[in-house]
Amino acid sequence: MDLEAMEALSESARFAMNTDWSVLQYMHGAGFLADATQPLAGWHATYLPYGEIARFKAAIREIDAGVDVFSLEHRVLRRDGSEGWVITRAVRSMDADGVTQAWVGGCTDISDRKQAEQALRDSEERFRTLTEALEDVFYILDLDEARMEYVSPACEHVWGRPAELLKESAEDFLQWLHPGDRAAWKEAGRNQRRGLATAIEYRLLLPDGTCRWIADRSFPIPTGTHHRCGGVATDITHRKEAELALRASRKELALEADALRLLQRLSTELIRDSRGSSLYERLVQTARVLIRADAAMLQTVHEDGWQVLAHTGFPVGMEEAWARQVRTELARRKRGTRSRLVVEDVAKRSPEAPTELDDAAEGSVFLRGVLAAPLLSRSGRLLGWISTHWRQPHAALDRELRQLDILCRQAADLIERESHEARLTRYVGRTAFLLELTDVLGRAQDEGEIEHAACRRLRNHLHCDRVFYIDMRGEQPTLRASHPGLDADMARPEFIIPLVEHMLDHCPEEASVANMTADPDIGMAARPRLCLAGLGSFAGAVIRRQRRPVGLLVACDREPRTWNNEDVLLLREVGARVMESSARAGARRAVRESEERLRVLTEGIPQLLWRSSAGGAWTWSSGQWQKWTGQSLSQSLGEGWLAAVHPQDRDRVREAWTQATAEAPLDIEFRVRRAEGGPHVWHHTRALPLCSESGSALEWLGTTTDIKELKHLQQRQALMVTELEHRTRNLLSVVMSVADRMAAASPDLQTFSERFREQVSALARVQGLMGACRLGQGIAFDELLDSELAAMGASPSTGHPQVKLSGPRGVKLEATTVQTVAFALHELATNAVKHGALSRPQGRLCVTWRRFVPTGQPDGETWLRVHWQERGIEVDLAQANARRGYGRELIEHALPYQLDAHVRYRLGANGLSCHIELPVPAAVAADERATAPGGPA
Amino acid sequence: MTGDIRTLAGVRLLLAEDEFVLADAWRCAFEAQGVSVVGLYAKAATAVAALDVQTVDVAVIDYDLGGTPCLPLIDALDHHGIPYVVVSGYDTAALPARFAGATHCLKPVRFADLVKAVQRALASRPRRP
């Protein structure tokens with residue numbers, strides 16, 4: 001049949017399947033598949049590779065009842081065992097009833113096609129993967145049609161537009177380019193058309209307005225009918241920027257290096273060499289160079305204001321105005337702001353912020369840009385500002401600002417160092433000055449010298465015209481110290497008082513500073529006087545003691561002068577030292593005077609003084625001790641003084657020292673030998689301990705007093721007391737006996753009383769005379785006689801007319817005889833007055849006495865002969881003899897008994913005549929005068 | 001010795017007292033008592049001389065005779081073994097040590113006391129052999 005013919009011709013294999021494709025009826029393999037002549041149930045494994053069985057079965061299951069044709073491309077196992085591709089087509093084989101009897105079909109080998117398809121697919125896949133994977137754009141341009149034939153997906157990323165847009169119009173591309181790069185791009189297009197490879201870089205403007213660098217390389221594609229070229233476009237923005245940045249930073253670096261070299265040189269040179277103004281000059285010049293400014297200025301800020309330290313580039317005389325400008329600008333900012341001040345253009349500042357600059361800059365070069373950078377110490381303190389100025393509006397570069405910052409750092413450090421060094425120098429100078437001053441003042445002897453020295457030195461130190469000290473302790477302030485620079489005018493109250501008043505009024509604290517011309521505090525009244533005295537400016541310190549002003553130390557100059565705080569502090573320090581030194585000098589003087597007094601005392605008093613440590617080890621002896629004992633000071637020290645003590649007293653003295661305490665101080669008498677070989681003399685030694693606050697004895701101060709005289713007096717006194725007692729007891733015995741006798745002899749009590757009183761009075765008189773006798777005078781007979789007569793009112797010296805005395809004066813009686821002689825005279829006088837010559841007006845009493853030497857007596861023994869002669873009366877002898885009583889008995893018996901006297905008592909008719917002779921001490925020529933006491937003859 | 005030591009009658013007594021008033025008063029008093037006052041002396045020297053020629057049983061002496069201590073008289077009395085009473089204005093303590101054992105009367109002395117002292121002095125002395 002046709003079918004078989006077809007089969008024979010066909011290169012395809014034929015087969016038949018049962019209805020459910022489970023059994024292969026047959027297979028004519030057509031050479032490439034295995035033939036099957038018998039129905040084959042497990043045909044899948046024979047014909048299908050393992051991986052295809054499931055797919056095939058799935059395709060079978062999907063055959064709908066209504067579908068008559070089956071077609072599937074699948075892999076097969078070929079007869080030779082290799083895998084191949086076939087397309088299997090089958091149709092239902094139905095009977096007349098339309099029931100499917102079998103599926104009949106064929107398999108056509110499509111392995112070659114399948115391979116080709118796979119190869120293409122692989123190639124395309126590789127291309128796609130490549131182009132998609134490339135960040136760069138790959139494109140193919142049809143030059144003839146000026147159309148983008150292919151653009152890789154990176155297009156959107158690199159060129160910033162979708163590929164479709166590019167394909168539509170390549171001409172638009174030109175518009176996207178940076179205008180500066182369009183020419184180059186057109187040139188490249190022309191080269192492309194000439195079949196040349198091109199490589200350009202251009203900037204592409206992106207829809208978002210940014211710009212991107214692209215590197216575009218193209219090459220001709222020779223195949224095909226059209227002129228085509230392929231190209232790769234790469235985004236090189238980053239690289240480009242890096243390049244630019246690199247270039248820029250190289251330049252920056254070079255500049256920076258220059259600047260840094262400058263800064264480094266500055267710092268090394270400045271630190272090493274420069275000081276003060278040259279340092280500041282260098283700083284501003286460096287700032288000007290660094291920041292390419294037209295002018296620069298360095299100002300510092302102190303407690304007392306601003307100061308321009310250096311400037312450069314300003315029109316002559318204009319720097320102060322510009323300095324003020326900077327300050328104004330700085331002041332305009334928030335208080336305490338320390339950041340950089342940048343004014344790019346002064347002229348563009350808001351009109352409500354006018355500046356002094358307009359006036360200042362008039363007629364000069366107008367500086368418009370201002371930049372000020374703060375100088376901060378390491379501790380953050382604002383030291384000042386460096387400002388730079390430009391003629392034109394100026395915005396400094398960051399680099400320049402950074403460098404300026406570095407310069408400021410250096411400048412701040414240098415200024416701080418400079419200021420520290422200056423302070424240190426000043427401090428060292430001041431300290432040295434004060435030390436030296438303290439030394440000088442400490443040596444000064446009195447207050448005047450101290451004040452003078454302080455003022456003179458302070459004047460030299462401060463380099464001022466005058467320094468003076470006003471003493472305010474007294475009622476009136478007085479100028480105390482003077483030196484050559486001080487005018488006489490200044491000592492006048494009309495100068496001093498306004499000054500003092502000003503100081504006290506305006507400086508309740510310690511000090512004041514004033515410039516006469518400028519200080520408004522100085523009253524108009526005081527000003528002329530102060531000016532007249534040549535006071536241009538002054539600084540002073542009020543020196544107070546317990547809040548009370550006691551002095552004023554003033555430094556002054558003829559010219560106005562800036563006195564700084566240090567000057568004033570120095571004045572205060574010096575003032576305080578003057579006070580201290582004065583007080584100390586006063587104290588020293590007081591001590592000196594006290595010591596001088598003590599010295600005069602110790603040298604002047606007769607006592608021997610010494611100092612000793614406990615136990616009697618002497619540490620000092622006075623000159624008197626040394627003079628008395630002949631010991632030297634060193635000989636007397638320790639226990640050396642004991643050598644001068646009597647050997648018998650030494651143990652006692654040592655013992656006394658061991659027992660001496662503060663409560664029972666040393667008090668002892670012992671003998672001290674007078675200088676070498678002299679006699680030992682009794683001395684009384686007393687010593688008191690000087691006790692510390694704790695009560696222990698620090699040392700002993702002692703006196704040793706010559707008590708020879710005292711001892712002598714004491715002995716005499718003891719003797720006298722004994723003697724007095726003896727005499728008193730004797731006297732009382734006598735009085736008792738007299739009383740007994742009188743009591744026996746008196747007829748009545750009245751007579752007894754009268755006589756007894758007289759007798760006791762006589763005794764009393766005698767005792768009085770004896771007192772004088774004991775004083776060493778002795779009693780002369782005439783005195784005794786006169787005394788007894790006077791007691792009776794019968795003394796010629798008191799003008800008694802009836803008595804006449806005649807004899808030498810001053811014949812001394814033995815002390816032991818006085819009482820008896822006195823008794824005798826008393827009895828004679830009493831008798832004369834009562835019964836004898838003086839009992840009648842016509843009676844006369846004549847007493848004569850003389851010294852005589854009895855014959856046969858040893859040489860020098862003298863006697864006194866007294867003749868008591870009464871006359872002119874008539875004596876009743878019987879009555880008188882009857883009255884012969886105690887008195888006469890005393891005369892007649894007591895005198896011979898006690899005195900070995902010779903007595904002749906004769907009572908005649910005309911009166912009594914009594915001779916008494918008694919021994920008396922030998923005459924001392926000067927004592928006696930031959931003239932008798934006066935009296936009527 | 002002669003006389004009665006109790007009444008002193010017949011006792012031969014020597015008085016050495018320089019104060020006549022006292023000496024005279026005591027002589028009268030002793031004589032009134034029956035005492036034989038063998039001498040009245042104002043000076044030691046005369047009293048000492050008297051001892052050589054008179055017999056004395058006891059002596060009453062003032063320590064201070066005419067301004068000088070009666071030491072020679074005391075020596076003589078001791079020499080003769082004659083007891084004695086010392087009368088003085090001095091306190092016993094003021095007298096020399098050798099009088100420590102002597103009978104001593106302090107002036108002013110009552111005569112009765114003086115008599116007792118004389119009796120004590122006589123009693124304290126062994127009779128002369």
Side-chain angles (χ1 to χ4, degrees), chain A residues 718-745 756 759-760 762-763 766 770 773-774 813-824 826-827 886-887 889-901 903 918-919 921, chain B residues 14-33 37 39-47 49-50 60-70 85-97 99 104-115 117:
Chain A
L719 210 64
M720 296 279 279
V721 166
T722 308
E723 191 61 25
L724 185 63
E725 191 184 12
H726 160 68
R727 297 186 70 85
T728 307
R729 288 181 181 282
N730 262 341
L731 195 58
L732 285 172
S733 297
V734 169
V735 168
M736 278 169 70
S737 298
V738 167
D740 286 346
R741 288 288 293 269
M742 281 183 181
F756 186 64
Q759 199 68 39
V760 171
L763 270 174
V766 169
M770 297 286 281
C773 178
R774 273 194 297 276
L813 300 174
E814 291 276 4
T816 49
T817 65
V818 168
Q819 183 175 309
T820 312
V821 174
F823 270 12
H826 171 72
E827 288 302 326
Y886 176 67
E889 192 181 334
L890 200 68
I891 293 164
E892 285 189 303
H893 292 100
L895 285 177
Y897 180 77
Q898 284 183 242
L899 307 182
D900 295 330
V903 176
L918 71 160
Chain B
L14 181 144
L15 251 177
E17 163 62 62
D18 60 345
E19 196 66 58
F20 174 77
V21 178
L22 279 179
D24 195 40
W26 285 343
R27 183 182 62 185
C28 294
F30 276 123
E31 283 177 348
Q33 196 134 357
V37 177
L40 205 59
Y41 302 100
K43 291 188 176 161
T46 50
V60 172
I61 52 174
D62 187 355
Y63 173 72
D64 183 87
L65 288 174
T68 52
C70 58
V85 171
V86 177
V87 180
S88 80
Y90 297 111
D91 190 79
T92 311
L95 294 177
F99 292 97
H104 177 239
C105 286
L106 191 61
K107 285 184 180 177
V109 62
R110 286 190 305 157
F111 184 68
D113 293 336
L114 187 60
V115 168

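The chains referred to below are lettered A, B, ... by the order of the sequence lines, with proteins before strands, and numbering in each begins at 1. Only this structure's heavy atoms are used, side chains among them; waters, hydrogens and symmetry mates stay out.
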Are side-chain heavy atoms of D24(B) and H893(A) found at a separation under 4.5 Å?
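Not in contact.
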Between the side chain of Y897(A) and the main-chain N/O of Y41(B), is any donor-acceptor distance below 3.5 Å?
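It does hold such a pair.
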Counting heavy-atom pairs closer than 4.5 Å to chain A, which one of V87(B), D64(B), D62(B), T46(B) comes out on top?
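Result: the option with the highest number of such pairs is D64(B).
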Residues forming a side chain to side chain donor-acceptor pair (under 3.5 Å) with E19(B), sequence neighbours excluded
none
Taking only residues two or more places apart in sequence, or in another chain, which ones meet Y90(B) in a side chain to side chain donor-acceptor pair (under 3.5 Å)?
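Residues passing side chain to side chain donor-acceptor pair (under 3.5 Å) with Y90(B): E723(A).
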Please give me the minimum heavy-atom distance between V738(A) and V21(B), naming the atom from each residue.
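Taking V738(A) first and V21(B) second, the nearest heavy atoms are CG2-CG1, 3.8 Å.
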Top of R741(A), M736(A), R729(A) for chain B proximity - count of heavy-atom pairs under 4.5 angstrom
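Top option by heavy-atom pairs under 4.5 Å: R729(A).
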To the closest 0.5 Å, what do you measure between [atom1] ([X]) and [atom2] ([Y])?
X       : Y       : atom1 : atom2 : result
Q898(A) : E17(B)  : CD    : CD    : 8.0 Å
S737(A) : F20(B)  : OG    : CZ    : 11.0 Å
L106(B) : E725(A) : CG    : CD    : 6.5 Å

Select one option (side chain, backbone, both, neither) describing which atoms of N730(A) are under 4.5 Å from chain B's heavy atoms.
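For N730(A), heavy atoms of backbone and side chain both lie under 4.5 Å from chain B.
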Under 4.5 Å from any heavy atom of chain A, what part of L40(B) do you find: side chain, backbone, both or neither?
both
